[in-house]
Every structure is written in C-alpha cells, then in structure tokens.
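Shown next, in structure tokens, is the structure this report addresses.
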Amino acid sequence: MLLLQCPHCLEGRSEEEFDYAGEAHIQRPAPGVTDAEWADYLYFRSNPQGRHREMWVHTAGCRRYFNVVRDTVSYDVLAVYPIGEREPLVGKPPP
C-alpha cells in the first residue's frame, strides 16, 4: 500500500483516499494533428521501470489534483508537488 501526502491538505494518508489520474506532464497536441498523433496522445503512455511522474487526485479529501514522483519498482514515493509547480529535483531525471 502507498502512503501519499496531499500537498494541499498536508496530511499523509493511505492510497485508498486517492485515485490515480494517469501519467503527469502530458502535453495536449495542438489542433490539426494527424489521426496517428492524436491516437498516440490518447492511448500511449510510457511505462518505465523506476522513476515515474504520475498525477493523483485526493478523492476522499480536498478533491484536488497533484503530481507524484514514484519509483515503480520499489513503490517509494520520492516527491509530491502541486500541479503547475516544477518537479522537485530528486534522484535521476526522467529519460
């Protein structure tokens, strides 16, 4: 089980209070992209082994979204930060 600390509520809680909302920092393509580029944006995500940036929502609390840097091998939460803020420098940067 993961223990997450909501950066808005400043409380550490079990992952049961949160919902995973997908990979963080995905840039929506500009209008007029090809069908292949649009499909790539909608359906394809990286699935790295190791450090990964994710978006979560505190559904049983403040209902706000935030980002998490997590190691997918060890499940260690390396950083938690609000959406719109820069990712804290922790460990190796993503590829």
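Numbering starts at 1 and runs along the sequence shown.
Atom OH of residue Tyr75 and atom CG of residue Leu2 lie 7.0 Å apart, to the nearest 0.5 angstrom. To the nearest 0.5 Å, atom SG of residue Cys9 and atom CG of residue Leu4 are 12.0 Å apart.
Cluster annotation: Phe18 and Val77 are assigned to the same hydrophobic cluster (Ile/Leu/Val/Met/Phe/Trp/Tyr, side-chain heavy-atom contacts under 4.5 Å, transitive). Under a hydrophobic clustering in which Ile, Leu, Val, Met, Phe, Trp and Tyr are joined whenever their side-chain heavy atoms come within less than 4.5 Å, directly or via other members, Val69 and Ile83 fall into different clusters.
Considering only heavy atoms from C-beta on, Arg51 stays 4.5 Å or farther from Asp71 through its side chain. With contacts defined as side-chain heavy-atom distances shorter than 4.5 Å, the pair Glu37/Pro29 does not qualify.
Without hydrogens or angle criteria, Gln5 side chain to Val80 main chain gives no donor-acceptor distance under 3.5 Å. Ser14 places no side-chain N or O within donor-acceptor distance of the main-chain N or O of Leu3, the cut-off being under 3.5 Å. Between the side chain of Glu85 and the main chain of Pro82, no donor-acceptor pair closer than 3.5 Å is present.
In this structure, the side-chain contact (heavy atoms from CB on, under 4.5 Å) partners of Tyr20, at least two apart in sequence or on a different chain, are His52, Glu54, Trp56.
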### Task
Start with the C-alpha gap between Cys6 and Arg13, add the side-chain angles, then the distance that decides, and say whether side-chain contact (heavy atoms from CB on, under 4.5 Å) holds.
CA-CA 8 Å; Cys6 177; Arg13 301 286 186 181; over 6 Å; no
### Message
Set out, in order, the CA-CA distance, both residues' side-chain angles and the distance that settles side-chain contact (heavy atoms from CB on, under 4.5 Å) for His58 and Glu17, then state yes or no.
### Response
CA-CA 6 Å; His58 193 181; Glu17 286 196 14; 3.0 Å; yes
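Between Val73 and Gly50, the shortest heavy-atom distance links the atoms CG2-N, 3.7 Å. The shortest heavy-atom contact between Tyr81 and His25 is OH-NE2, 2.6 Å. Considering every non-hydrogen atom in both Leu42 and Arg45, the closest pair reads O-NH2, 4.2 Å.
Ring geometry for Phe66 versus His8: interplanar angle over 60°, hence perpendicular rather than tilted (30 to 60°).
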